[in-house]
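Not measured: the values here are computed from a predicted model. Below, read A as the first sequence line, B as the second, and so on, with proteins coming before strands; counting in each chain starts at 1.
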There are 4 protein chains.
Amino acid sequence: MSGAQERPMRADAARNRARLLDVATEVFTTRGVGVPTEEIARAAGVGVGTLFRHFPTKEALLEAVLVRRLETIADQTARLAAEADPAEAFFDCFRLVIDRSSGKSEFTQALAAAGVDAHATLRESSTAIRAQLAELLAGAQQAGAVRRDLGLPELIALLVGTSTTMEHLGADTPARERIFEVVFDGLRPR
Amino acid sequence: MSGAQERPMRADAARNRARLLDVATEVFTTRGVGVPTEEIARAAGVGVGTLFRHFPTKEALLEAVLVRRLETIADQTARLAAEADPAEAFFDCFRLVIDRSSGKSEFTQALAAAGVDAHATLRESSTAIRAQLAELLAGAQQAGAVRRDLGLPELIALLVGTSTTMEHLGADTPARERIFEVVFDGLRPR
Amino acid sequence: MSGAQERPMRADAARNRARLLDVATEVFTTRGVGVPTEEIARAAGVGVGTLFRHFPTKEALLEAVLVRRLETIADQTARLAAEADPAEAFFDCFRLVIDRSSGKSEFTQALAAAGVDAHATLRESSTAIRAQLAELLAGAQQAGAVRRDLGLPELIALLVGTSTTMEHLGADTPARERIFEVVFDGLRPR
Amino acid sequence: MSGAQERPMRADAARNRARLLDVATEVFTTRGVGVPTEEIARAAGVGVGTLFRHFPTKEALLEAVLVRRLETIADQTARLAAEADPAEAFFDCFRLVIDRSSGKSEFTQALAAAGVDAHATLRESSTAIRAQLAELLAGAQQAGAVRRDLGLPELIALLVGTSTTMEHLGADTPARERIFEVVFDGLRPR
DNA sequence: CATGAATGAGTATTCATTCAT
DNA sequence: GATGAATGAATACTCATTCAT
């Protein structure tokens, strides 16, 4: 149900596609979405034509990057949810989502896309993550670890916002930890 | 208290400058920074030439918009700080800053600019607001209303992040209120 | 009712616009529609930006060229129609339309556009020319100089086709004259 | 009588070549010459590589299409010339050539190619058709059915032009018939 | 001072053609 | 031989900025 390849796809083509995704992720994350396609192609060691063969549009490339991010997170989130007790699962997941967030506000966009509706491809993977977040939230609320009046939209908005907060703190680990404390304290009932 | 005028400046010139700032604020806020300068000029009822006479660069225009925002906030913040008791002042100010946040992520940028060091012009007004925020924070902490381990950088980052959170909730007032509760609860000691 | 300038338009702007139209006409006519916009701009001694300021689209430029051609023809046609007797007017006009046709099949397109429907601007001037042709045709038919069973569509198609015929004869004047004889003979009743 | 095959050529290769020619003819005729090679290949059920193996250039493909058209016409023309009396043969052939004309101006090009000297490959088949047309014309002229002052160039140009005329009339059969009457009347002596 | 025409570097995208699989 | 992935030159169009009117 996730990323099934229609046909095997030639080895080099797959390698190029992967390389393009990696480079694009890196570049979009660190330098924003404004970077020319040609530069991305060059950095991936392919011609522009190849980039556009794999992703018919710059937007499609961005979308693919976001989808992959979301899928990665969804996978890890799922693993967490299965292992820990509800409360721990919820807070660990919150951390995980935030920690996956890196550089620029690009990831913010990805998460935002999970909240708002986007293109078809994105919607699928964002739906997956939304479902998992909803489940985790419900579990934590039933376990009495999180305020009952919070809904999924607030949770998502809070994830996006906290991600932004962290971006502005950079690598200052103690400060980041204090923010986690503030938010987690605030999330608990009472 | 606001950008000193070198020479008297003709009345119409001043009017044009003001109009440009207003329009730019509106446009940047609602439609993002990507809007062509020409369109801003037209909306302000002047030619592009005039725009570039007042603001030598598009970036300079954006900067001016941000500065004015920061100044406005600083003014209101100052008023609040003078009137209420420290705790109330702090939280009221937090709300005020967030509520001034509207549309797009433009305002978030303004807040971000207060955190990071940007161009010279910005630095002046951001310094002002930083000073006030620092004072308010200290007051609230001494009054025992806010955790003592939080520094100014965390506060600013939190403002930026919460602003982002709110953007994603849009006009859902009850939800926004719940976010305030979460953050404010989290800010309090213990 | 023809090409009214909204506002005076600066002298240099008008000159550039005219130069662009001239160059485009020349270039499209002799080398076809495939010629890069940049080249047209360079040949007109302006930057691409100027070209696109005057004609927001390559298609718009082509359209403008065609319109001007049609207008020119319509003007001359009108003059002819007013002076001569119906039969002479009709045949003179036929010649005139064909003789205005030069190089490539670009003019064919222009005439075709008069037959089929095109963009709004084109339609206006093509309507004008169609009306005049219809009038001339009717006059010649009433004067007994042209078969009564021919309609306007056939006339236009014949103009386009004869224009194509002439293109393939190039500058061979006697041959062109023979074609005129063939077509004109064929047009007469019986 | 048609392009000699150097070596036997494998059965599937021959089938591919034929299929490509068919598809290209169809596509060029209905949608013009601008259609991407890749699309033609796909429609023919082969990869682009195969297309370029058979026709080293897009232009070569177009040329092959035209050659085949000309050959077909030449064949039918030859048959007609052998059967009827000179006058009838001439006019029937004229009709046949025109009626073979379908969609877009692609066929017009083919005819035009018979008039002008194009690439080597084309020259061969166009020479054949030119010879036949010359013979038919001479026959009709000696039979007193066509003006004596017309040469082969005029005839070819007239064929091309009339083809264009017909294109613009589309499927309006009565109108097409009237055009034939006009042209045929005009072609007769006096 | 204001205007808006001119500029031209910059960008996404297409497509004929080549070549590794 | 066949395939389709890779290539990259080419092209229409945009927009910040300058400067003649």
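You'll find that the side chain of Thr50(A) is closest to dT7(F), out of dT7(F), dA2(F), dG4(E).
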Pairs counted only when both distances fall under 3.5 Å, Watson-Crick or G-U: show me the 5' to 3' dot-bracket for DNA chain F, [ ] for pseudoknotted crossings and | for other-strand partners. .||||||||||||||||||||
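Interatomic distance, Asp22(B) CG to Ile40(B) CD1, rounded to the nearest 0.5 Å: 12.5 Å. With rounding to the nearest 0.5 angstrom, the CG atom of Leu66(C) is 10.0 Å from the CD atom of Glu59(C). From Arg17(B), atom CZ reaches atom CG of Leu51(B) across 11.0 Å, with rounding to the nearest 0.5 Å. In this structure, Arg68(D) CZ and Thr25(D) OG1 are separated by 4.5 Å, a value rounded to the nearest 0.5 Å.
Rounded to a whole Å, the CG atom of Leu51(C) is 11 Å from the P atom of dT7(E). The distance from atom CZ of Arg42(C) to atom C1' of dA10(F) is 13 Å, rounded to the nearest whole Å. The CG atom of Leu20(C) sits 15 Å away from the C1' atom of dA12(F) (whole-angstrom rounding). What separates CD of Glu39(D) from P of dT14(E) is a distance of 13 Å, to the nearest Å. Taking atom CZ on Phe55(A) and atom P on dT14(E), their separation rounds to 15 Å, with Å as the unit.
Residue whose closest nucleotide on DNA chain E sits further toward the 5' end, between Gly45(C) and Gly47(B): Gly47(B).
Considering only heavy atoms from C-beta on, His54(B) comes within 4.5 Å of Asn16(B) through its side chain.
For the OP1/OP2 pair of dG1(F) and a distance below 4.0 Å, the side-chain nitrogens and oxygens of His54(D) include no atom meeting the criterion. For dA5(F), the OP1/OP2 oxygens have no side-chain nitrogen or oxygen of Asn16(A) closer than 4.0 Å.
The two residues Thr29(A) and Arg69(A) come nearest to each other via the heavy atoms OG1-NH2, 3.1 Å. Here the closest heavy-atom approach between residue Leu20(C) and residue Ala44(C) is recorded as CD2-CB, 3.6 Å.
For the residue pair Thr50(A) and Arg19(A), no side-chain donor N or O sits within less than 3.5 Å of a side-chain acceptor on the partner.
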Nucleotides 15-21 of chain E: protein proximity per nucleotide (B base, S sugar-phosphate only, - neither; heavy atom, under 4.0 Å): SSBB---
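For Glu38(B), the salt bridge (Lys or Arg N to Asp or Glu O under 4.0 Å) test picks out Arg53(C), with sequence neighbours left out.
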